[in-house]
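Labels below follow one simple rule: chain letters A, B, ... track the order of the sequence lines, proteins then strands, and each chain is numbered from 1.
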Amino acid sequence: MTDTAELQRGAGGFDRSLLMAPAVEVAPLLLGAIIRKGEVAVRVTEVEAYMGSIDPGSHAFRGRTNRNQVMFGEPGHLYTYFTYGMHTCANVVCAPEGTASGLLLRAGEVIEGEDAARARRPKAASHAGLARGPGNFAQALGITLDDGGCDLAVGPVTLHVDEPASEYLTGPRTGVSGAGGTHEYPWRFWLPGDPTVSPYRAAVSRKR
DNA sequence: ATTAAGATCAACT
DNA sequence: GTTGATCTTAATG
């Protein structure tokens with residue numbers, strides 16, 4: 001691409017109007033897109049769509065709460081949440097204001113700032129494993145709860161979209177308990193054959 | 001104020 | 001295949 005195209009992209013690099021659609025329609029656009037924070041940049045290879053009020057797997061299924069309010073806001077912002085006592089997960093907000101929809105960033109390939117990513121993920125064995133899995137993805141980039149609500153056109157976390165993936169596969173979502181995790185909701189999207197894509201796992205039931 | 005569950009990961013058998 | 005680590009959030013009393 002040309003220098004002027006780079007310049008026009010500026011800090012963020014996406015057309016917000018393209019995100020004014022339900023997450024399942026936006027998913028192919030995010031596959032292959034770049035998420036950057038500071039010196040680390042990741043090429044997205046796997047996402048999951050969450051569809052608000054019609055989706056039993058979504059945090060927004062039972063309406064607006066303090067945690068999920070950014071999903072009801074303007075698309076192109078970052079929704080972060082903390083789970084399992086130790087992991088931050090990051091989503092790109094989709095659909096117009098008032099409609100809660102988002103895409104969970106599940107896996108990607110670190111294409112810039114690998115040293116910084118490795119410093120944050122000392123246990124990662126391989127290059128492909130640096131940003132595999134939603135918790136690891138956020139950790140490799142250094143995304144925390146404080147980044148929640150950030151406008152991806154402005155930063156500190158930015159999104160850079162090129163064009164929609166021409167080929168991708170879909171399947172049931174990983175780790176989603178209850179009805180939302182079944183094949184009735186095949187809302188996981190990934191790039192075929194990419195080594196950074198996380199393996200499928202059914203939701204585990206906790207012992208009591 | 002208290003509690004139970006969770007859009008997970010890594011280590012272990 | 002199974003399990004412990006760890007803490008925010010939302011629901012309940």
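Look at CZ on A:R67: it is 5 Å from P on C:dA10, rounded to the nearest Å. Nucleotide C:dT8 holds its P atom 12 Å from the CG atom of A:D146, rounded to whole Å. Atom OH of A:Y50 and atom C1' of B:dA7 are 4 Å apart (whole Å). With rounding to whole Å, A:R188 atom CZ is found 12 Å from B:dA7 atom C1'. Here the C1' atom of nucleotide C:dT8 and the OH atom of A:Y79 are 11 Å apart, to the nearest Å. Nucleotide C:dT9 holds its C1' atom 17 Å from the CZ atom of A:R64, rounded to whole Å. Atom CZ of A:F61 and atom C1' of C:dA11 are 16 Å apart (whole Å). Rounding to whole angstrom units, CZ of residue A:F137 and P of B:dT8 are separated by 15 Å.
Across all strands shown, A:G133 has heavy atoms under 4.0 Å from sugar-phosphate atoms exclusively, and none from any base. Base contact: A:M71 has a heavy atom under 4.0 Å from a base atom. Within the nucleic acid shown, A:N136 comes within 4.0 Å of sugar-phosphate atoms alone, with no base atom in reach, counting heavy atoms only.
Under the Watson-Crick or G-U wobble criterion, with both distances below 3.5 Å, B:dA7 is left unpaired in every strand shown. Nucleotide C:dT12 forms a Watson-Crick or G-U wobble pair with B:dA1, both donor-acceptor distances falling under 3.5 Å.
Separation of the A:H59 and A:Y81 ring centroids falls under the 6.0 Å cut-off.
Residue A:R121 places its side chain closer to B:dA10 than to any other of B:dC9, C:dA5, B:dA10. The side chain of A:F82 sits closest to C:dC7 out of B:dT8, C:dT9, C:dC7. Candidate nucleotides C:dA10, B:dG6, C:dT9 were compared by shortest atom distance to the side chain of A:L145, and C:dT9 ranks first. In this structure, the nucleotide among C:dA10, B:dA11, B:dA7 sitting nearest to the side chain of A:K123 is B:dA11.
Using cut-offs of 30° and 60° for the angle between ring planes, the A:Y168 and A:F189 rings count as tilted.
With no hydrogens or angles considered, no side-chain donor-acceptor pair links A:T144 and A:T88 at under 3.5 Å.
Hydrophobic clustering, with ILVMFWY side chains joined whenever heavy atoms are under 4.5 angstrom apart, groups A:L31 together with A:L19.
Sparse packing is recorded around CD of A:E39, with 12 or fewer heavy atoms of other residues, nucleotides or ligands lying under 6.0 Å away.
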